[in-house]
Trainee: 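Before I ask anything, here is the structure I am working with.
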Amino acid sequence: MGAKFKTILFEKVLFAIIIYFIFSKTNTTKALDTSCASQPDLTIIPIYGKCSPFKPTPGPWPDTIINMASKDPARLDYLASLVARKKPVSSAPIASGQAFNIGGYVIRARLGTPGQLMFMVFDTSTDEAWVPCTGCTSCPSTYSPFSPTASATYGGSITCSATKCYQARGAQTCPGGPGASSACTFNQSYGGAMVSATLVQDSISLARETISNYAFGCVNSVSGGSIPSQGLLGLGRGPLSFISQSLPLYKGVFSYCLPSFRSYYFSGSLKLGRSGQPRRIQTTPLLRNPRRPSLYYVNLTGVSVGRVRVPVPREFLVFNQYTGSGTIIDSGTVITRFVQPVYNAIRDEFRRQVKGPFSSLGAFDTCFQKTYEKLAPIIKLHFEGMDLKLPYENSLIHSSSGSLACLAMAAAPNNVNSVLNVIANLQQQNLRILFDIVNNKVGIARELCN
């Protein structure tokens with residue numbers, strides 16, 4: 001028996017003796033007994049006191065106290081068991097689109113009731129979701145389309161006068177004017193193809209929970225190119241995105257970890273809500289641009305190649321809500337693209353440190369013999385309040401033969417809309433990217449999810 005336990009037991013026995021002394025000297029006349037009836041209803045009385053409805057245990061008070069104290073260990077076990085139950089993590093698996101011959105990343109979703117399994121490409125720069133539906137003209141036939149008639153929760157089309165219709169990008173003019181009951185239709189371009197869809201609603205499940213009355217596009221026809229076989233899931237910031245439509249449930253918080261393109265398994269994950277997110281994660285402010293409200297803007301302040309902070313004019317990095325310029329994090333672009341002056345400065349410093357000779361391979365203009373790979377400097381992206389050091393797997397890409405290594409970045413197309421720097425999915429692989437659209441934060445932490 002420990003000394004501490006003996007001390008506690010001695011104090012309890014001493015207390016019991018004092019209580020016994022007080023009670024033995026107390027007047028226990030009938031007047032005291034009858035006074036119990038006049039006590040207020042919320043009076044606290046000892047369990048074995050004179051006014052207690054419970055029958056006192058026979059024997060002296062010290063023995064009673066010691067007997068009561070013997071139950072304390074069980075009480076402490078009970079108190080220790082009152083651990084807050086962890087909220088289940090809402091998580092959906094992510095796979096590289098390579099297994100589906102797609103350049104992006106695929107997530108498993110279930111539409112309708114019972115849930116129809118759809119392998120949807122998720123896109124953080126798009127709001128609307130859309131899937132090929134039965135009867136679609138020129139839709140891919142590799143996988144089964146969504147069948148509205150097979151769903152017990154299918155809510156039909158949304159009218160063209162509804163608010164959600166006005167929120168859809170590419171919504172068509174409502175026939176008959178405001179108040180008309182015609183179905184809402186919209187046209188969107190994606191990857192060179194034109195998608196025509198009707199805005200409908202049904203339930204959707206990505207993780208444990210089901211979102212009812214989820215608005216998405218039921219694709220009627222495709223022209224000019226191909227689309228993902230089972231559609232697109234928009235995770236942008238607009239009102240029709242999955243993040244916005246599930247705001248009451250997930251509070252505008254989500255994160256993902258993208259596996260390497262070489263991984264053919266659903267080893268990545270999309271986590272929804274605050275539960276299960278990294279506790280220790282560096283963050284940078286999430287910015288909003290009214291000209292491009294769906295995009296996730298961050299403040300990129302500079303780039304280092306090795307130990308050299310690359311000199312870049314500030315105007316090519318700074319966030320500008322009036323022109324739409326700045327830097328975004330995007331899940332759909334494959335390799336990071338910088339505006340021409342920024343990329344040229346990064347490339348030139350990289351070449352200076354590796355020393356070449358260099359060749360081109362597809363979109364990559366800085367390729368070199370893999371034997372020189374050990375000379376390649378680390379690239380670090382500097383954000384407001386956060387630095388991201390890219391591992392070699394996120395900054396270099398190898399030729400299919402394995403003989404060449406290339407700087408896995410490129411210049412943005414040189415046109416009037418080229419004002420964006422895009423941090424793409426190759427640079428995000430095996431990182432946990434966290435978005436909090438309510439508190440306007442983006443977080444990044446290292447996580448292996450291959």
Side-chain angles (χ1 to χ4, degrees), residues 94-107 119-126 189-193 225-236 256-270 292 294-298 300 303 327-340 342-343 346-347 350 360-367 376 379 381 388 390-402 404-415 417-433 435 442 444 449-450:
I94 292 174
S96 164
Q98 296 295 309
F100 302 87
N101 198 28
I102 298 170
Y105 282 86
V106 174
I107 190 166
F119 296 101
M120 303 175 72
V121 171
F122 77 90
D123 189 342
T124 56
S125 296
T126 300
S189 60
Y190 189 85
S226 62
I227 63 171
S229 299
Q230 290 196 299
L232 185 81
L233 181 71
L235 297 181
Y256 56 74
C257 183
L258 304 180
S260 164
F261 286 139
R262 295 187 297 271
S263 175
Y264 279 78
Y265 303 97
F266 279 87
S267 57
S269 64
L270 172 71
R292 292 170 173 162
S294 299
L295 304 183
Y296 292 97
Y297 277 86
V298 289
L300 180 68
V303 179
T327 302
I328 66 168
I329 295 179
D330 177 49
S331 67
T333 307
V334 177
I335 60 171
T336 290
R337 305 269 181 166
F338 294 104
V339 295
Q340 192 79 49
V342 176
Y343 174 71
I346 296 170
R347 178 200 60 196
F350 185 91
S360 296
L361 180 65
F364 310 109
D365 64 2
T366 303
C367 301
I379 293 180
L381 305 179
L388 174 60
L390 296 177
Y392 284 125
E393 66 182 274
N394 296 58
S395 60
L396 298 177
I397 193 168
H398 297 93
S399 62
S400 56
S401 65
L404 291 179
C406 304
L407 176 62
M409 300 175 184
N414 191 16
N415 55 48
N417 292 319
S418 181
V419 293
L420 279 177
N421 302 298
V422 181
I423 309 302
N425 59 38
L426 180 63
Q427 280 64 48
Q428 298 176 49
Q429 291 175 3
N430 288 306
L431 296 172
R432 175 65 58 180
I433 313 293
F435 299 88
V442 174
I444 301 179
C449 58
N450 280 346

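Remember, predicted model here, so these are calculated numbers, not experimental data.
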Trainee: Between Thr366 and Cys406, is any pair of side-chain heavy atoms under 4.5 Å apart?
Mentor: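 They are not in contact (no side-chain heavy atoms under 4.5 Å apart), so the answer is no.
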
Trainee: For the residue pair Asn430 and Glu393, establish whether any side-chain heavy-atom pair is separated by less than 4.5 Å.
Mentor: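 The answer is yes; the side chains approach within 4.5 Å.
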
Trainee: Relative to each other, are the rings of Phe266 and Phe119 parallel, tilted or perpendicular (30° and 60° limits)?
Mentor: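 Phe266 and Phe119: tilted rings.
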
Trainee: Side-chain contact test, heavy atoms from C-beta onward, threshold under 4.5 Å: evaluate it for Phe338 versus Leu300 and give yes or no.
Mentor: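 In short, these two side chains touch, coming nearer than 4.5 Å.
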
Trainee: Has the side chain of Gln427 got a donor or acceptor atom that lies under 3.5 Å from a matching backbone atom of Thr336?
Mentor: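 Answer holds: yes.
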
Trainee: Report the residues that fulfil side chain to side chain donor-acceptor pair (under 3.5 Å) with Ser226, sequence neighbours left out, ordered by chain and then residue number.
Mentor: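 For Ser226, no residue satisfies side chain to side chain donor-acceptor pair (under 3.5 Å) once neighbours in sequence are set aside.
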
Trainee: Check each of Leu420, Thr124, Ile329, Asp330 against Leu295 using the side chain to side chain contact (heavy atoms under 4.5 Å, CB included) test, and report the only one that passes.
Mentor: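 Testing Leu295 for a side chain to side chain contact (heavy atoms under 4.5 Å, CB included) against Leu420, Thr124, Ile329, Asp330 leaves exactly one candidate, Leu420.
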
Trainee: Test your reading of the model: is there a side-chain donor-acceptor pair from Arg337 to the backbone of Ala411, 3.5 Å cut-off?
Mentor: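 Confirmed, Arg337 side chain pairs with Ala411 backbone.
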
Trainee: Using the rule side chain to side chain contact (heavy atoms under 4.5 Å, CB included), only one of Ile107, Asp123, Thr126, Leu270 pairs with Leu235; which is it?
Mentor: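 When Ile107, Asp123, Thr126, Leu270 are each tested with Leu235, the side chain to side chain contact (heavy atoms under 4.5 Å, CB included) holds only for Leu270.
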
Trainee: Within the structure provided, determine whether Thr327 and Leu381 are in side-chain contact (heavy-atom separation under 4.5 Å).
Mentor: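 No - every pair of side-chain heavy atoms lies 4.5 Å or more apart.
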
Trainee: Stepwise, does the side chain to side chain donor-acceptor pair (under 3.5 Å) test hold for Gln429 with Asn394?
Mentor: CA-CA 7 Å; Gln429 291 175 3; Asn394 296 58; 5.9 Å; no

Trainee: How would you list, by chain and number, every residue that makes a salt bridge (charged side-chain N to carboxylate O under 4.0 Å, His left out) with Asp365, sequence neighbours excluded?
Mentor: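 In terms of salt bridge (charged side-chain N to carboxylate O under 4.0 Å, His left out), with neighbours along the sequence ignored, Asp365 is linked to Arg347.
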
Trainee: Taking the side chain as every heavy atom from C-beta outward, state whether Leu390 and Met409 have any pair of such atoms under 4.5 Å apart.
Mentor: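 In short, these two side chains touch, coming nearer than 4.5 Å.
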
Trainee: Quick check: Tyr105 with Tyr256 (ring centres under 6.0 Å apart)?
Mentor: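 No.
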
